[in-house]
Amino acid sequence: MKDTEQTEFFVQHLTECQGRLFGYIYSMLGEHSRAMDVVQETNLVLWRKKDEFRSGAPFMPWALAIARFQVLAHVRDQGRDKCLLDSELVAALSEETEQQVDELETMRTALRKCMSDLPREKKGLLQLRYYHSMPIAEIADSMGRNVNAVKVALLRLRRGLADCMHRRMLEG
Amino acid sequence: MASPEIDEFEHLIFDWEDGTLDATGIARLRDLLRTSPSVRKLYVERQMLGAMLKLEGDAGIAAPDVEHVGLKAATSSSAEQDTRGQFDSAEDPADLPFMLHSREQIGEATNPRYASLLFVVAVSVLVCVVLTRWMLVESRLQSAGQRVPAANDVLPEKQEATSAGIAVMTRLVDVEWQESERQFTVGDAVSVGVVGLESGVAQIEFFCGATVILEGPARLVLESSTIARLKSGRLRAQVPPAARGFQIHADELRVVDLGTEFGVAVNDGEADVQVFDGEVELYQSNGEQRLVTAGNAITRAVGGVVEAAQLTPDEYLGLEALDERVRNQKQGRYQRWLGHSMELRKDPRVITYYSMEQDRYWNRKLASSVVPENRDLDGAIVGAKRVVGRWPEKSGVEFKRPGDRVRVNIPGQFGSLTFACWVKIDSLDRWYNSLFLTDSYQRGEPHWQILDTGQLFFSVRLGGGPGKGHHKVLSPPFWDASLSGRWLHLATTYDVETKTTTHFLNGEKLSEERIPDQLFVQQTCIGKATIGNWSSPTRPEADFAIRNLNGSMDEFVLFRDALKPDEIRALFIQGSP
C-alpha cells in the first residue's frame, strides 16, 4: 500500500535524523534531559505533520525548522531562569548550529578516533562528566582532587578534543 | 592563542553546564553571546561536542556488558546513584568507572547506539501515534463544542504539542454541563481549560496521578497536569505519593499536597480547606505558609483572614460514595435500555435484531430478539467469545481471531435499509474491518465495514463489470486509538427514496451522500451473511480476505427502512452506557 511505504520512508528519515536533532536541540538548551524532552516533542510534531512532508524534499531542513520552533517554545515557556538562551539568541545561533549539525556524523567519527587516542584516565574523566552528567564537585570528591584541578583538566581536555577533531576532519 | 574573551567564555559556559554559574555570570555569558560572533561560533562547537559525547555515552551505556547500569543510565539520576555507589565502594576508586567503557566499546558504539536510537524512535513513534490520534479527537471534540484553543501566532507548534491533554475524565454522574463550556464524555482527554459543571459529579484523573472529584455546580480550571484552580464549587482530591506536590489554587490561596486526601470548597469569595488524610501546605497571598494536618480544617473569609474550622468530611463526596452513585446510574441506564429494547423487538420495520440480552456464555446460538419470534433468524457464533457488554448484566460477542464471526441468514427482498450496532473497537487491524458483510457480493447486497483509516464504509452491489459495480459511501474518519475500548453506536441508513446513504456515530450524523443514478440499486437483499468478519469471499486468493473485527459487539439491529436522524439519535440515547 502506498501509505505504508510513505510511512516507512518517513520513519527511516526520522530514525536517521535523531542524532542530528539531538545535536541541534542540545546545543540550544545545553541540558540533557530537557533536550531529550524537546527531541520527543519535536518527533511528535514531525510525526503529526508527516503528511506535509513530500518524499522528494530534503528532510533535515524541514525537521530542523520544526525543532527550532520547539526550542523557541521551550525557551519561552521555561523562561530565563532555566534556559541560557533567550529567543533572540536562539535565532542568532540557529544558522551556525544548523551548519554544524549537518556535519555531525563526520564529527562523531572524528571524535571516536580522538577519544580512542586518549589515555585511560582522561577518557574516564570525560565519561564521568559527559556520559554520566556527574557534577564537577562530585567528580573532584570521588577522585580526591580539588574542584579547580578537575575543572582545569576538563577544560583542557575539551579544548584538546576539539582541536583533535578539527585536525581529523581536515585529514578526512 | 585564545583571546581573553574566548577564555572567559569557556570558563563561564563550563560553569553554566555544571550548574554552578551565578546570575551575574549568566548575564555576562549572554552578553558575550550577543556581542561576539567568535563566541557564538565557539559556543556552538562546544555544545555540539557536548551533544556528541552524550550520544556516545548513551550508546556505550546501552552496550551489553554494562547492562546493569540500565538503558537510561545517562539520564536517570537513580542510575547515576548506582554508578556512584559502585564507585565509592570500589577498592581503587580511580579505576572502576573507567572500566565501564573500555576502548573497544567506544569503537563499537555504532551498533548499540543505533539499536538504542531505534528503540527511542520506536517508542516515540508509538507515543506519537497514540497522542496524535488522541489530539485529533481532542481537536474534533473541541471544534464540535465550539471551543478553539487560544490562537498563538508566533509558535503554533507549541500549542499543538501541548494540547494532548493533562487529565482524563473517568467518571460522570448526572452531569449537566455549563452551557458555555465543553461537554465531556467518560474517557475523554481533558486539556488545559475549564471544566464547568451546572450539576452532577465528575471524576477527573490528572496525568500526575491525582484524582479529583468535582461536585457541581462548580468551575475548575485545569492549568497543568499538577495544578488546577477552583473558581467555585467543591472538590475532593486524592493524591497518592507519586503525585505529591499536586496543587489546588482557590483564589489567592494555594493548597500544595504532601501526599494525602483533602477537600477544597470555594463559595462567594470564601474558601475552605479540609484535610482528611496526610497533610497539605497552605500558601497565602501575603506569603504566610502553614501546614494543615489530617483531621484539621481552615476557612478563609472574604477579607483574607484564615482561621481553623470544623472538619466535615461528609460534605465532600469521596471515591467510594461516587462509585455507589455510578453503579446506581449504570443500573438505571441498563433498565432504560432494556425497556427500549423490549419496544424495539416489536417494531415491524425490524428485519433482524440481536439484543444479546442475558445470553448464556455457553450458548453458541445468537438468539434473534424479534417479536413475534422467528428462530430462523438466530445467528451462529463461530470462534467468537461471549463477553460482558455495556453493562455487567448484559452480554456481548467479542471478535479477536481471524476466524471469529457470527453467521446469519436473512431471507427476503428489501428496499431501504438501516444498520445499527453498539460496538467496542479495540483496534482497526485490517484494511477492511467487518461490521456486516454478505457472503457473496451480488446485485443488491450491502457491505457495511470500517476502513483502517477509521472511516465507515457502506456500499450496495450493483453488479456488472469488476470494480465499477458499486458506489461506496465513506464517512470522514471517526475512529482513532483514543476511542479504543469505548462503546460506540454506529448506524448507516440506505434510503431508496432519496438515493442517499447516511452514516451516524453516537446519534450524530457523520456524513450523507447521494448515490449517482447509474450506480443506484433500488432493491436490496441479504441472504447468508457474517457479522464481525467475512465468510467465503468470492475470491479466496484476494488480498483482503481477512476482515475480522478486533473488538466486541453487544447489539445489532437491521431495519427495512431508512430511520430518521431523530430515531437514530433515540437508539443512541436509550442505549448509552
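Per chain, numbering begins at 1; letters A, B, ... match sequence-line order. Predicted model, so just to flag it, every value in this text is computed and none were measured. Hydrogens, waters and symmetry mates are skipped; everything else that's a heavy atom, side chains included, is used.
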Under the side-chain contact (heavy atoms from CB on, under 4.5 Å) rule, what do B/Y43 and A/L85 come out as? Steps first, then yes or no, please. CA-CA 11 Å; B/Y43 168 84; A/L85 303 189; 3.6 Å; yes
What do the steps show when you test B/I26 against A/L84 for side-chain contact (heavy atoms from CB on, under 4.5 Å), and what is the final call? CA-CA 7 Å; B/I26 290 176; A/L84 176 62; 4.1 Å; yes
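Contact count against chain B (heavy-atom pairs under 4.5 Å) is highest for A/L89 among A/L89, A/L111, A/V101, A/L104. Ranked by non-hydrogen atom pairs under 4.5 Å with chain B, the options A/I25, A/D141, A/L155, A/L154 are led by A/L155.
Closest heavy-atom contact between B/A51 and A/G23: CB-CA, 3.8 Å. Looking at every heavy atom in both residues, B/D18 comes nearest to A/P135 through OD1-CA, 3.4 Å.
Within the model, atoms CD of A/E96 and CD of B/Q47 stand 12.5 Å from one another, a figure rounded to the nearest 0.5 Å. Note that NE2 of A/H166 is 4.0 Å distant from CD of B/E45, once rounded to the nearest 0.5 Å. Distance check: A/R112 CZ to B/E56 CD gives 4.0 Å after rounding to the nearest 0.5 Å. With values rounded to the nearest 0.5 angstrom, A/Y26 atom OH is found 10.0 Å from B/L55 atom CG. The line from CZ of B/R30 to CD of A/E88 is 11.0 Å long, rounded to the nearest 0.5 Å.
Between A/K151 and B/D15, at least one side-chain N (NZ, or NE/NH1/NH2) sits under 4.0 Å from a carboxylate O, which counts as a salt bridge. Residues B/E17 and A/R158 are paired through a salt bridge, judged by an N-O separation under 4.0 Å between the basic side chain and the carboxylate.
The shortest distance between side-chain heavy atoms of A/R159 and B/E10 falls below 4.5 Å. Proximity of B/L53 to A/R129: side-chain heavy atoms (C-beta onward) are nowhere separated by under 4.5 Å.
Of the atoms belonging to A/M107, heavy atoms from both backbone and side chain fall under 4.5 Å from chain B. Contact annotation for B/L33: both backbone and side-chain heavy atoms come within less than 4.5 Å of a heavy atom of chain A.
The number of heavy-atom neighbours closer than 6.0 Å to CD of A/Q99, taken from other residues, nucleotides and ligands shown, is above 12.
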